[in-house]
Trainee: 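Pasting a structure here, questions to come.
Computed over heavy atoms, backbone and side chain alike; hydrogens, waters and symmetry mates excluded. In what follows, chains are A, B, ... by sequence order, proteins preceding strands, each numbered from 1.
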2 protein chains.
Amino acid sequence: MGLFLSTFINRVDKKGRVSVPAPFRAALAHESYQGVVLFPSYTQKALEGVGMAAMENMGARMDSQFAFFSDDHDELATVLFGESVQLNFDENGRIILPQNFIDFAGIDDQVAFVGLGQKFQIWTPKEFESRKNIARNSVTSKKVTLPKGVES
Amino acid sequence: MGLFLSTFINRVDKKGRVSVPAPFRAALAHESYQGVVLFPSYTQKALEGVGMAAMENMGARMDSQFAFFSDDHDELATVLFGESVQLNFDENGRIILPQNFIDFAGIDDQVAFVGLGQKFQIWTPKEFESRKNIARNSVTSKKVTLPKGVES
DNA sequence: TGGGATAGCATGGGAATCCATGGGAAGTCA
DNA sequence: TGACTTCCCATGGATTCCCATGCTATCCCA
């Protein structure tokens, strides 16, 4: 299964359309639903994106983790699913960003697609520049490393 | 299988009719019964909605959890099945909200359809705004999260 | 190795379709 | 017969589909 890698700057036209970078689309090519799911980040001024399979996965894990009518379930689902949107690719691989998402992230006429492995983020190019520096400094100063993992 | 995602505000006309958001209908398109099952939430001032398949699923789950003639079974069944109604789509994808449901949720002329993955809820837009904030705070403060691991 | 051809990709605009919404007519139950 | 319900049609606006274009990177062949 494909990963979301590297950063791409694409243009947003006046209809709110953006081309999803071809490598990101390729990472989702095997999925039945051809599109992405976007939701606002809880901590940053950015949008988060995943494929539908990852979203269904979250749903399945929630069901196994919480009782179906529990408050925990409903609250988490409200935040997770209630604020997300399903956007399918048009035939040129574009999606249409909803206006409230554009406002939330402060998007003007360009966006940066940032690959984070299992998910990706959408930033304004400007915000992302400063974000990138912060992240780099934080990682080096805190000496964040990858935990040991099992080989597959 | 489709998930219920994002939030849609739709209008209720004076006959009590509401368009079910097209993406929600699409999530149920593969089911044999073209409609939804609604019942009042027993913790919140909202209506809960699922597809018929999910309803049958709950019935099956109840039977495996409780003895068939136990009080627990009957009480839950009374609330869940006794208070629920089956509403089919008209040719434009609308349902008609029963008057007692409208009263219960305090619905006026607009409702918010909130996708929660496997199910959805119907709120007045106003109530939902505060509900959304409560949910967001609760999730961040209680640190309710999904278990680690995001693979498919 | 250089230049032309080709294919993939990002971008733009216009047209057709879908969708939410409203009202009215026909049918049904008391 | 009256009220309520269900079906059917109309409409405006938003969204999606479809076609066109330019750019760039790759490939092929001389």
Trainee: Could you please name the option among D:dC17, C:dC9, C:dG23 that lies closest to any side-chain atom of B:R17?
Mentor: C:dG23
Trainee: Take the protein atom CD1 of A:I9 and the nucleotide atom P of C:dA10, then report the distance between them rounded to whole Å.
Mentor: 13 Å
Trainee: Just the rounded figure in Å: distance from P of D:dC7 to CD of B:Q34.
Mentor: 15 Å
Trainee: Figure out the CZ/P separation between B:F24 and C:dA20, and round it to whole Å.
Mentor: 11 Å
Trainee: Rounded to whole angstroms, how far apart are CG on B:L97 and P on D:dT6?
Mentor: 13 Å
Trainee: Verify whether the ring centers belonging to A:F81 and B:F4 lie closer than 6.0 Å.
Mentor: no
Trainee: Using a strict 4.0 Å threshold on nitrogen-to-oxygen distance, state whether A:K132 and A:E129 make a salt bridge.
Mentor: yes
Trainee: Regarding A:N92, tell me which of base, sugar-phosphate or nothing describes its non-hydrogen contacts under 4.0 Å with the strands shown.
Mentor: base
Trainee: Once you round it to whole Å, what is the distance between C1' of D:dT5 and CG of B:L87?
Mentor: 14 Å
Trainee: Ignoring the backbone of B:R25, work out which of D:dC7, D:dC18, C:dA20 is nearest its side chain.
Mentor: C:dA20
Trainee: Could you say whether B:G93 or B:K14 is positioned toward the 5' end of DNA chain C, judged by the nucleotide with the nearest heavy atom to each?
Mentor: B:G93
Trainee: How about B:F8 and B:F113: are their ring centroids closer than 6.0 Å?
Mentor: no
Trainee: In whole Å, I'd like the distance from the CG atom of B:D109 to the C1' atom of C:dT21.
Mentor: 13 Å
Trainee: Could you state whether A:M55 and A:V85 fall into the same hydrophobic cluster, counting links through intermediate Ile, Leu, Val, Met, Phe, Trp or Tyr residues with side-chain heavy atoms under 4.5 angstrom apart?
Mentor: no
Trainee: Would you kindly give the CG-to-C1' distance between B:N10 and C:dC18, to the nearest whole Å?
Mentor: 14 Å
Trainee: Return the nearest nucleotide to the side chain of A:R94; candidates are C:dC19, D:dC19, C:dG12.
Mentor: C:dG12
Trainee: So which nucleotide from C:dA10, C:dG24, C:dG13 ends up closest to the side chain of B:K15?
Mentor: C:dG24
Trainee: Please work out if A:D90 contacts a base, only the sugar-phosphate, or nothing of the nucleic acid, heavy-atom cut-off 4.0 Å.
Mentor: nothing
Trainee: Of all the nucleotides listed (C:dT11, C:dA20, D:dC8), which has the minimum atom distance to the side chain of B:E91?
Mentor: D:dC8
Trainee: Should A:D74 and B:K119 count as an ion pair when the cut-off is N to O under 4.0 Å?
Mentor: yes
Trainee: Can you tell me the distance, in whole Å, between the CD atom of A:Q86 and the C1' atom of D:dT15?
Mentor: 15 Å
